[in-house]
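Small disclaimer: the values here were computed from a predicted structure and weren't measured. Here, residue 1 is the first one in the sequence, and each next residue gets the next number.
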Amino acid sequence: MSSSPLPPIPTASRRQQVADVLREAITSGDLEPGHKLTELELASQLGTSRAPIREALRQLEQEGLVVSYPYRGTEVLGVSQEEIENVLVPVRLALERFAFAKAMEACTDEDAAGLAAIIERMDDAASAGDLGRLAEEDARFHEAIVILSGQQHCLQIWRTIQPRVRAYFRRDASFYSDPHAVGAQHRTLLDALRAGDQDEGRRVISEHIRTHFGDPADSLRS
């Protein structure tokens, strides 16, 4: 199936565990765009029945990480640079600039400490060379800002695009010469959030969201 076999999971596991394993394999690049996924092979490799595989593939299709074609089965769907620049970045700019401004008004010392803790975990992941965990903490920071804003419609939209955003966070993490730069960027965001200057906040969140890298392979490979 893949040159990098997926780890087996306990037979008692359900759809979410299968989805988590496949999502990680897709966003890390172990399963490349265009790779065909079949229920029978996945069930055999993961040591589970076909039912949770089928349910997990449906979930991943809703997240935009795979696509199912009639008579062709299910394939891994990549995140292209074109999609990042023309869809995901513009959506994030509209959503996160608004949420960041609202979060500035609501942020308490306790909230700031929680965001600082996420940045510390980014630094830990960078030191360990764990790019997958670094991308997860990156996404967690941005979701925390949206939650802090108190705007439920923003949170709904964020959670719709979040799997695709996580995928390009994971892809872009490998382009940093020093992965500690990710934490440093988020400290700048946190400083602006604490300062409460709306113009500065709009500037730094916009610059941050526009920071992404081209991928010659135009895929999820890292």
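Between Arg187 and Glu120 there is a salt bridge, since at least one side-chain N of the basic residue sits less than 4.0 Å from a carboxylate O of the acidic one. Between Asp124 and Arg121 there is no salt bridge, since no side-chain nitrogen of the basic residue lies less than 4.0 Å from a carboxylate oxygen of the acidic one. Using a 4.0 Å cut-off between charged side-chain N and carboxylate O, Arg140 and Glu143 make no salt bridge. In summary, Glu63 and Arg164 do not engage in a salt bridge, as defined by a charged side-chain N under 4.0 Å from a carboxylate O. Salt bridge Glu200/Arg203: present, at least one basic N to carboxylate O contact under 4.0 Å.
Follow the hydrophobic side-chain contacts under 4.5 Å out from Val91 and you reach Ile205 in the same cluster. Both Leu88 and Ile157 belong to a common hydrophobic cluster when Ile, Leu, Val, Met, Phe, Trp and Tyr are linked at side-chain heavy-atom distances under 4.5 angstrom. Ile161 and Val146 fall within the same hydrophobic cluster, where Ile, Leu, Val, Met, Phe, Trp and Tyr residues are linked whenever their side-chain heavy atoms come under 4.5 Å apart, directly or through other members. Residues Ile147 and Leu189 fall within the same hydrophobic cluster, defined by Ile, Leu, Val, Met, Phe, Trp and Tyr side chains chained together at heavy-atom separations under 4.5 Å.
When the options Thr48, Thr74, Leu40 are evaluated for a side-chain contact (heavy atoms from CB on, under 4.5 Å) with Ile53, the one that passes is Thr48.
Contact between Ala128 and Arg133 at its shortest, heavy atoms only, is CB-NH2, 3.9 Å. Trp158 approaches Leu95 most closely through the heavy-atom pair N-CD1, 3.6 Å. The two residues Ala139 and Arg166 have their closest heavy-atom pair at CB-CG, 3.6 Å. Considering every non-hydrogen atom in both Tyr168 and Ile209, the closest pair reads OH-O, 4.4 Å. Of all non-hydrogen atoms in Ala192 and Val204, the two that sit nearest each other are CB-CG2, 3.5 Å. Of all non-hydrogen atoms in Ala19 and Ala56, the two that sit nearest each other are N-CB, 3.7 Å.
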task = Show your reasoning for whether side-chain contact (heavy atoms from CB on, under 4.5 Å) applies to Val76 and Glu32.
result = CA-CA 7 Å; Val76 174; Glu32 298 181 352; over 6 Å; no
task = Apply side-chain contact (heavy atoms from CB on, under 4.5 Å) to Ser68 and Leu57, showing your working.
result = CA-CA 9 Å; Ser68 295; Leu57 290 177; 5.9 Å; no
task = Report the C-alpha separation of His208 and Phe100 in whole Å, then their side-chain angles, then the decisive distance to 0.1 Å, and conclude whether the side-chain contact (heavy atoms from CB on, under 4.5 Å) test is met.
result = CA-CA 12 Å; His208 178 77; Phe100 199 84; over 6 Å; no
request  = Using the side-chain contact (heavy atoms from CB on, under 4.5 Å) rule, take Leu134 and Asp130 through it: C-alpha gap first, then chi angles, then the decisive distance, then the call.
outcome  = CA-CA 6 Å; Leu134 180 60; Asp130 189 340; over 6 Å; no
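Within 6.0 Å of CG on Asp178 lie more than 12 heavy atoms contributed by other residues, nucleotides or ligands.
One distance of note links CG of Leu131 with CZ of Arg171; it measures 13.5 Å at 0.5 Å rounding. Going from atom CZ of Arg194 over to atom CG of Asp109 covers 8.0 Å, rounded to the nearest 0.5 Å. Atom CG of residue Leu31 and atom CD of residue Glu75 lie 12.5 Å apart, to the nearest 0.5 angstrom. Separating the CG atom in Leu22 from the CG atom in Leu46 is a distance of 6.0 Å, to the nearest 0.5 Å. Taking CD of Gln162 as the reference point, atom CG of Leu155 lies at 10.0 Å (rounded to 0.5 Å). The line from CZ of Arg92 to OG of Ser206 is 10.5 Å long, rounded to the nearest 0.5 Å.
With a 4.5 Å cut-off on side-chain heavy atoms, Leu60 and Arg23 count as touching. Side-chain contact check for Asp111 versus Leu193: every heavy-atom pair is 4.5 Å or farther apart. At least one side-chain heavy atom of Asp20 sits less than 4.5 Å from a side-chain heavy atom of Gln16. Residues Leu115 and Ile145 form a side-chain contact, since some pair of their non-hydrogen atoms from C-beta on lies under 4.5 Å apart. Side-chain contact between Glu61 and Leu77 is absent, with no heavy atoms from C-beta onward closer than 4.5 Å. Side-chain contact check for Gln185 versus Phe141: every heavy-atom pair is 4.5 Å or farther apart. Looking only at side-chain heavy atoms (C-beta outward), Arg58 and Arg15 stay at 4.5 Å or farther from each other.
Classified by interplanar angle (parallel below 30°, tilted 30° to 60°, perpendicular above 60°), the ring pair His142/Phe169 is tilted.
A donor-acceptor pair shorter than 3.5 Å cannot be found between the side chains of Asp191 and Thr188. Using modelled atom types, one finds a donor on one side chain and an acceptor on the other under 3.5 Å when comparing Gln81 with Glu85.
Between the side chain of Ser127 and the backbone N or O of Asp123 there is at least one donor-acceptor pair closer than 3.5 Å. Judged by distance alone, with hydrogens and angles left aside, the side-chain atoms of Thr160 form a donor-acceptor pair with the main-chain N or O of Gln156 at under 3.5 Å.
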